[in-house]
Every structure is written in structure tokens, then in C-alpha cells.
Protein chains: 2
Amino acid sequence: MLMKVLTKNTDYAIRALLVLGTHEGEYVSARQISQQQGIPYQFLRRILQELNKNGLTTSREGAHGGVRLEKNPDAIRVRDVIEIFQGKVELSECMFRKQICANRASCVLRHEIMRIEEIVSREFGQITLGKLLTDLTKLNATATMDHTDEFEIINSGSHEKTDCDHR
Amino acid sequence: MLMKVLTKNTDYAIRALLVLGTHEGEYVSARQISQQQGIPYQFLRRILQELNKNGLTTSREGAHGGVRLEKNPDAIRVRDVIEIFQGKVELSECMFRKQICANRASCVLRHEIMRIEEIVSREFGQITLGKLLTDLTKLNATATMDHTDEFEIINSGSHEKTDCDHR
DNA sequence: TTATCTGACACTAAATTAGTATCATTTATT
DNA sequence: AATAAATGATACTAATTTAGTGTCAGATAA
Ligand code: FES
Ligand code: FES
């Protein structure tokens, strides 16, 4: 239990984007997404607004309004989402670049951290929403399910402790 | 600013181990390490006890007591230290292995997370204290310093905001 | 006997993350 | 025109995690 690499913000955001990705061109309401994915409504709302501000989605107000995917799924990287909600992918805040620091001796570790930092950043930069959507489609196809809805919560009435999440 | 991959616990622990590594065979007191590295004394004490319990170090009580490196530096991996203080290297807590979960649809993301998880774990598993000590020696050699002490705080009277750290 | 250590453990404080609530405004529908 | 269903904006609270402090008992060297 460690390495809070994906906070709820990011996790929910990606799930929301996956929903939007399966309804490209259409406006989907926060209410719908919230219910389908079991994401606390108000929390999700803030997240969607953030996605709007960052140009990943656009929204329409009023009845029949909602949020719509604006960018091409292949142009949306998981890293982008992480950066929106959690900032740059950094494992260390050390101010090394600025000056020789007090603990410069330990920089030997810092050097390694930066290296791993870059690896992680690169990896998350290679995962696009498009890829996730493809995987999702395959997953649903293989499942040979009798209910047609692409994906939704199975257990649990929404908002009640889902037995797992992405962190 | 994100990815709290190294908490203070881990950071301090590694710095302490570096000190111990430069004094192999000798007992060094928590007080000494605390002052040299600018680590809050009481916090450090708990950390050292934890290292003891995990067999990385041994301690001697009483006057002239302290902590001594027990394992070979090459046998101590940064990952070990991380795991002691922060648990297994996991970017996600998802209970996937146990059962098909409520959010199984998003498992497409989870799959990727697990992959990156493994990369990070492997990387931190390859960094040994021995390697860090070697790097440190080189670093000090190159520095051509006039003061002989291997490494210690430069600025800042201890405990006051060091201008950087490892997270 | 005293000063200097560690062992054990309880406690507080700070920071971050997660979640809730409210109100104004927009828009489709009736 | 009224209403219902949306988002925009923003303030707030709660929960969790991380960081740091304090105390006391026992061990050991001088
Ligand atoms: S540069 Fe800050 S610890 Fe090395
Ligand atoms: S297994 Fe838990 S979200 Fe996929």
C-alpha cells in the first residue's frame, strides 16, 4: 500500500473519459456518469469542470446538456490527466536544479529517483484514452455477455464502498 | 508535485543508512546522524528502531551506544527500505486478483498500472546501498573539497527548513 | 552515580485527499 | 411563462495519511 500515483481525482477522471469515449459526439450528463460509474456526483462535477477547462471536453448547459469529448481519444494521454489533477510526474521535489542544496550528499539517490521519474512519466505518456477504449471493447467482446450495455457497475448500489478502485 | 513515492520515513532512512555505510562496523548514535543530516531526532529514532527490527542494522544500548549497519550494503536495496516504511510497491490497491470487481470495466487502466508498478519496483530493487555509497564516494572525490568530512549538511542550522528533500 | 544511549509507545500537528453543499445561470420542454 | 434538468463557480467539511514530539524505563561506559 503505497505510491499514491493515482488519486481519486485522476481515477474518476479517466473513468469518466472512458464513458465519454464510448459516446463520442454525444453530450453525457454528470448524473449519468456518476450513476454508471459509482462516482460521487458532486466530486465528479468538479472533475468534469476541470476537464473542460483543460480542453479535453466541452460542455453544454441546461436540459439535455452534459459533457462531450472534445479531443481525439488518441490524443489524450493518461499522463495529461495525471498532470491536470496531480501536477507534473515527479517523485521528488528537490530543488537541485536551482542550487547546490543542503543535502547534496544524498543526491546520489536523487539522481536515481529522477531517472525512474522519467520512466514512469514516459510510460503514462504512452497510454492513450484511445488505447484504453480499444482494450475495453475487446474486453467486452470476449465477455460474451447477454446484457448489451458496454460497461457499468456490476455489484454495489452506487456510492457504497466499491470493493476496489485504482489506488 | 505528485507521486509521493518517497516519504520522509524512507528518505531519512536511506540518508541514515548512507551515514552508517560510511562508518561500517562502528556504532553511530541517533544524535550524531540527526545532527549530521538535519533529521528531526525523535523521528529518526523511530526510523532507526524500525531498521533494527528489520535486521538491516543492530544497536547497542547505553553510553557509546548507537546503531550499526548489519547487512552488507550491496544486499540492501532501496526497495527494501521503501517496503519497510511504505509497504509493497503498489500504485493501485485494486482487489482484482480476488474477484471480478464492480469497476471491472476500468481494469484496462489497472492492467497498465500493474505493468508500471512492476517497472518501478524492479528499478528500486536494483539500487543498492552499496551503489549509492560508491556514487557518494565518487561525488566527494570529484568535489575536491578542503574539508575532510565525507558528507554533511552545508547550509542551514539543522532542523530548519532545508531547501530541498527527496519528495 | 551520572551522562548518554536505545526500546517502547503514546501523542499532536500538518498536509493532502476525498467528499458535500449552495446558488446562480443556461437551456429544452411543456 | 413556468418548470425541470443541466452546468459554472466556489466554499466548505471530513477523512486519511504523513510528519513530528514527548515521555519513561532500562542499558552501558566512564
Ligand atoms: S539536491 Fe537536494 S537532496 Fe540532493
Ligand atoms: S479490478 Fe478493480 S477496477 Fe478493475
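Order of the sequence lines sets the chain letters (A, B, ...), proteins ahead of strands, with each chain counted from 1.
Residue B:Asn52 places none of its side-chain N or O atoms closer than 4.0 Å to OP1 or OP2 of C:dT6. Here A:His64 reaches the OP1 or OP2 of C:dT29: one of its side-chain N or O atoms lies under 4.0 Å away. Regarding contacts with the backbone of D:dG8, a side-chain N or O of A:Ser59 is found under 4.0 angstrom from either OP1 or OP2. For the pair A:Tyr41 and D:dT7, the criterion of a side-chain N or O lying under 4.0 Å from OP1 or OP2 is met.
Between the CD1 atom of B:Ile39 and the P atom of D:dT21 there is a distance of 13 Å, rounded to whole Å. Protein atom CD of A:Gln35 is 13 Å distant from nucleotide atom C1' of D:dA5, rounded to whole Å. Rounded to whole Å, the distance from CD1 on A:Ile82 to C1' on C:dT17 is 16 Å. Between the CD atom of A:Glu61 and the P atom of D:dT3 there is a distance of 21 Å, given to the nearest Å. Atoms CD1 (B:Ile47) and P (D:dT18) sit 13 Å apart, rounded to a whole Å. Between the CZ atom of B:Phe43 and the C1' atom of C:dA15 there is a distance of 13 Å, given to the nearest Å. When rounded to the nearest whole Å, the span between OH of B:Tyr27 and C1' of C:dG7 equals 15 Å. If you take CD of B:Gln49 and C1' of D:dG26, they are 13 Å apart, rounded to a whole angstrom.
Within the 3.5 Å criterion, the main-chain N or O of B:Ser121 finds a donor-acceptor partner in the side chain of B:Arg79. Side chain of A:Asn54 to backbone of A:Leu51: no donor-acceptor contact under 3.5 angstrom is found.
The A:Gln42 side chain lies nearest to C:dT20 when the options are D:dA9, D:dT21, C:dT20. The side chain of B:Lys8 approaches D:dA19 more closely than any other nucleotide in the set D:dG8, D:dA19, C:dA18. Residue A:Ala63 has its side chain nearest to C:dT27 when only C:dT20, D:dG26, C:dT27 are considered. Of all nucleotides listed (C:dA18, D:dA19, D:dA6), D:dA6 comes nearest to the side chain of A:Ser29.
Distance CD1/B:Ile14 to OG1/B:Thr10: 6.5 Å, rounded to 0.5 Å.
Look at B:Glu112 and B:Arg110 and you find no salt bridge, because none of the NZ, NE, NH1 or NH2 atoms lies under 4.0 Å from a carboxylate O.
At least one side-chain heavy atom of A:Ile84 sits under 4.5 Å from a side-chain heavy atom of A:Glu50.
Toward the 5' end of DNA chain C, the nearer of the two residues B:Val28 and A:Arg46, judged by each one's closest nucleotide, is B:Val28. Taking for each of A:Arg60 and A:Leu44 the nucleotide of DNA chain C with the nearest heavy atom, the 5'-most of the two is the partner of A:Leu44.
Both A:Phe43 and A:Leu18 sit in one connected hydrophobic cluster of ILVMFWY residues. Membership requires side-chain heavy atoms under 4.5 Å apart, directly or through other members.
Nucleic acid contact class of B:Arg45 (heavy atoms, under 4.0 Å, all strands): base. Using a 4.0 Å heavy-atom cutoff across all strands shown, A:Tyr12 reaches sugar-phosphate atoms only and no base atom.
In terms of polar N and O atoms assigned as donor or acceptor, the side chain of B:Arg31 never comes within less than 3.5 Å of the base of C:dT6 in a complementary pairing.
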